[in-house]
Amino acid sequence: MSELLHSATAAVEMARKAGAQDAWASLSRDRSVSYTFRDGKIEKVEESTSRGLGISLYVDDRYSTHSTTDLRPDRLQAFIAEAVALTRALQPDPHRKIPDPALFKDRPTTDLERNDPAVARITREQREAWCAEMDTRAHADKRVISAESSLFSGESQGASASSNGFSGTWDGAYVGYSANVTVREGEDKRPEGSASAVGRFLAGLPEPGKIADKALGRALERLGSKKGPTLRATMVVDPEAAVSLISRALGPASAAAIQQGRSYWAGKLGQPLFGDKLTITDDPLIPRGLASRHFDGEGISAKRMPVLERGVVKNLYVDTYYGRKLGMAPTTGSASNRVVALGEHDLAALLAQAGSGIYVTSWLGGNSDSTTGDFSLGLRGHLIENGKIGAPIGEMNVTGNLPALYRSLSAVGNDPYPYSSLRAPTLVFSDVQFSGA
């Protein structure tokens, strides 16, 4: 990584010599590999490597960003000189300034365990064997008509340098696998099920065959699915589906969205927005976290940041540019690991407490308005009958307003979904409107 940092520093010097007052350069080197099996044979193998430079230029109160994959010194020097000249032709923007170096201080040195050496050592033979095992187990029922299994991994390294004293490096790896299964039901129905797992460390994942088992099980659970009813009822959301639902709620929690007039979080700092069962912390310092980091894309040193405490807005995602526009102190412009504070009960206990209602396992399309919070989402899942998972249902929607929905949050589970940078558990909502048959 020292080579990358040296190249980033050299690019900044090239920009300064070409007339830029300030510059920020980042270099990255990435490799990814994926294998896909379909119905007993390899369908696709993909491997890619890339290396590139991105540079931000601050020239006479003007700003621009540029990228290139041609890193030969003479070509790079000409590229940067031309980029500086082009920047001078832009309109001035007094809010565009290089981040204050005070934001670089107190950078943590915690070992984030982002890089598992075992990932780079996975052989072609091992990848094929794992995919073949998933494929076999995905076909374990005679009703299966098609199954696809994939194994994917990647490694990355990078470095950033600035004209005002920032320098930093990072590396990381990930590995994961997924399975999708389609089964036959009657003449024309084709229920499907899928499952996946991804993480920083191979040892932290279940063995691949279990992912195929789960995908097959989910497909078989869809047999006999019918259109759900129209009613108001308790909604229990599976942790995997809760990741998407919470992501929609947090999407407009940024200075950029607020400044552009497209966020229902505007004016809510320090105010209750959601129900008091919801507490979320942005934590970039979780070892092996998928979004763990020592600094963000602007060099702001990483630290834990409460976003919501018992429904009250404590912080927003504020980058330096939109922070200046709004007169707000920067926090960070992008999310890291977001952790939902857990409750006391698992899914089985929460279903038993609910008694009846709708158990949501996945969302099927839909939309939400970041300005108002109004939403309409398609879903599939199961009826909750006598406190247990009942008949499968689909072809129904849930509609409402996100802040109002989260004010109806009555319980939070103790079972966070582990294969996402957003660690969401089971969520239970009261008196939700469903549209179906």
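We count residues from 1, following the sequence as given.
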Run the side-chain contact (heavy atoms from CB on, under 4.5 Å) test on Trp24 and Ser160 for me, step by step, so that the C-alpha distance in whole Å, both residues' side-chain angles and the decisive distance to 0.1 Å come before the verdict. CA-CA 7 Å; Trp24 187 290; Ser160 293; 3.8 Å; yes
When you measure from the side chain of Asp319 to the backbone N and O of Tyr322, does any donor-acceptor pair fall under 3.5 Å? yes
Nearest 0.5 Å please: distance from the OG atom of Ser28 over to the CZ atom of Arg51. 9.5 Å
Say you draw a straight line from CG of Leu377 to OG of Ser362; how long is it, rounded to the nearest 0.5 Å? 11.5 Å
Quick one: are Leu245 and Tyr406 in side-chain contact, heavy atoms under 4.5 Å? yes
Worked check of salt bridge (Lys or Arg N to Asp or Glu O under 4.0 Å) between Glu47 and Arg31: CA-CA 7 Å; Glu47 180 172 355; Arg31 175 178 180 262; 3.1 Å; yes
May I ask you to decide if the ring planes of Phe274 and Trp265 are parallel, tilted or perpendicular, using 30° and 60° as cut-offs? perpendicular
Any non-hydrogen side-chain atom of Gln259 less than 4.5 Å from a side-chain atom of His95? no
Exceeds 12 heavy-atom contacts within 6.0 angstrom, atom CG of Asp106: no
For Arg72 and Asp70: C-alpha separation, side-chain torsions, deciding distance, then whether salt bridge (Lys or Arg N to Asp or Glu O under 4.0 Å) applies. CA-CA 6 Å; Arg72 291 173 292 178; Asp70 190 344; 2.8 Å; yes
Hey, are the side chains of Tyr419 and Pro206 touching, using non-hydrogen atoms and a 4.5 Å cut-off? yes
Is it the case that atom CD in Glu82 sees more than 12 heavy atoms from other parts of the structure closer than 6.0 Å? no
I'd like to know if the side chain of Arg184 reaches the main chain of Ile145, judged simply by a donor and an acceptor atom lying under 3.5 Å from each other, with no hydrogens or angles considered. no
Before giving the answer on side-chain contact (heavy atoms from CB on, under 4.5 Å), spell out for Val237 and Trp363 the whole-Å C-alpha distance, their side-chain angles and the decisive distance to 0.1 Å. CA-CA 10 Å; Val237 182; Trp363 307 104; 4.1 Å; yes
Can you confirm whether Leu57 sits close enough to His66 that some side-chain heavy atom of one is under 4.5 Å from a side-chain heavy atom of the other? yes
How about CD on Gln77, more than 12 heavy atoms from neighbouring residues, nucleotides or ligands closer than 6.0 Å, or not? no
Near-ring test Trp130/Phe37, centroid separation under 6.0 angstrom: no
Can you confirm whether the side chains of Asn401 and Thr372 place a donor and an acceptor under 3.5 Å from each other? no
Indicate yes or no for a side-chain donor-acceptor contact from Asp116 to the backbone of Ala173 under 3.5 Å, with no hydrogens or angles considered. no
Verify whether one side chain among Ser435 and Asn397 offers a donor that lies under 3.5 Å from an acceptor in the other. no
Any chance you could lay out the side-chain hydrogen bond (donor to acceptor under 3.5 Å, both in side chains) test for Asp22 and Ser162, step after step, and finish with the verdict? CA-CA 8 Å; Asp22 282 301; Ser162 76; over 6 Å; no
Please round to the nearest 0.5 Å and tell me the distance separating atom CG of Asp213 and atom CZ of Arg137. 4.0 Å
Distance-only polar pair, side chains of Ser336 and Asp282, donor-acceptor under 3.5 Å: yes
If we only count heavy atoms from C-beta on, is the Ser410 to Lys277 side-chain gap below 4.5 Å? no
Counting heavy atoms not belonging to Lys268, are there more than 12 under 6.0 Å from its NZ? no
Can you tell me if Thr9 uses its side chain to pair, donor with acceptor, with the backbone of Leu5 under 3.5 Å? yes
Enter the distance from His139:NE2 to Ser149:OG here, rounded to the nearest 0.5 Å. 8.0 Å
Could you give the distance from NZ (Lys214) to CZ (Arg218), rounded to the nearest 0.5 Å? 5.0 Å
Distance-only polar pair, side chains of Ser153 and Arg127, donor-acceptor under 3.5 Å: yes
Euclidean distance, Leu112 CG relative to Arg200 CZ, rounded to 0.5 Å: 9.0 Å
Within 6.0 Å of CD in Glu125, more than 12 heavy atoms from elsewhere: yes
Donor-acceptor pair, side chain of Arg338 and main chain of Leu422, under 3.5 angstrom: no
Just by distance, no angles: are the side chains of Arg262 and Ser370 close enough, under 3.5 Å, to form a donor-acceptor pair? no
Salt-bridge criterion met for Glu13 and Lys17 (N-O under 4.0 Å): no
Are Ser178 and Ser196 close enough that a side-chain donor and a side-chain acceptor fall under 3.5 Å? no
For Val198 and Leu290, what are the C-alpha separation, side-chain angles and deciding distance, and is it a side-chain contact (heavy atoms from CB on, under 4.5 Å)? CA-CA 9 Å; Val198 62; Leu290 286 170; 4.1 Å; yes
In a table with atom names and distances, give each donor-acceptor pair under 3.5 Å that connects a side chain of residues 294-310 to protein atoms at least two apart or in another chain.
from	atom 1	to	atom 2	distance (Å)
His294	NE2	Thr110	O	2.6
Asp296	OD1	Glu298	N	2.9
Asp296	OD1	Gly299	N	3.1
Asp296	OD1	Ile300	N	2.9
Asp296	OD2	Thr332	OG1	2.7
Glu298	OE1	Thr320	N	3.1
Glu298	OE2	Thr320	OG1	2.5
Ser301	OG	Phe104	O	2.9
Ser301	OG	Lys105	O	2.8
Ser301	OG	Arg107	N	3.4
Arg304	NE	Asp283	OD2	3.3

May I ask you to test the Leu316-Thr331 pair for a side-chain heavy-atom distance under 4.5 Å? no
Flag the pair Leu273 / Gln271 as yes when at least one side-chain heavy-atom distance between them is below 4.5 Å, and no otherwise. no
Around atom CZ of Arg75, are there more than 12 heavy atoms from other residues, nucleotides or ligands closer than 6.0 Å? no
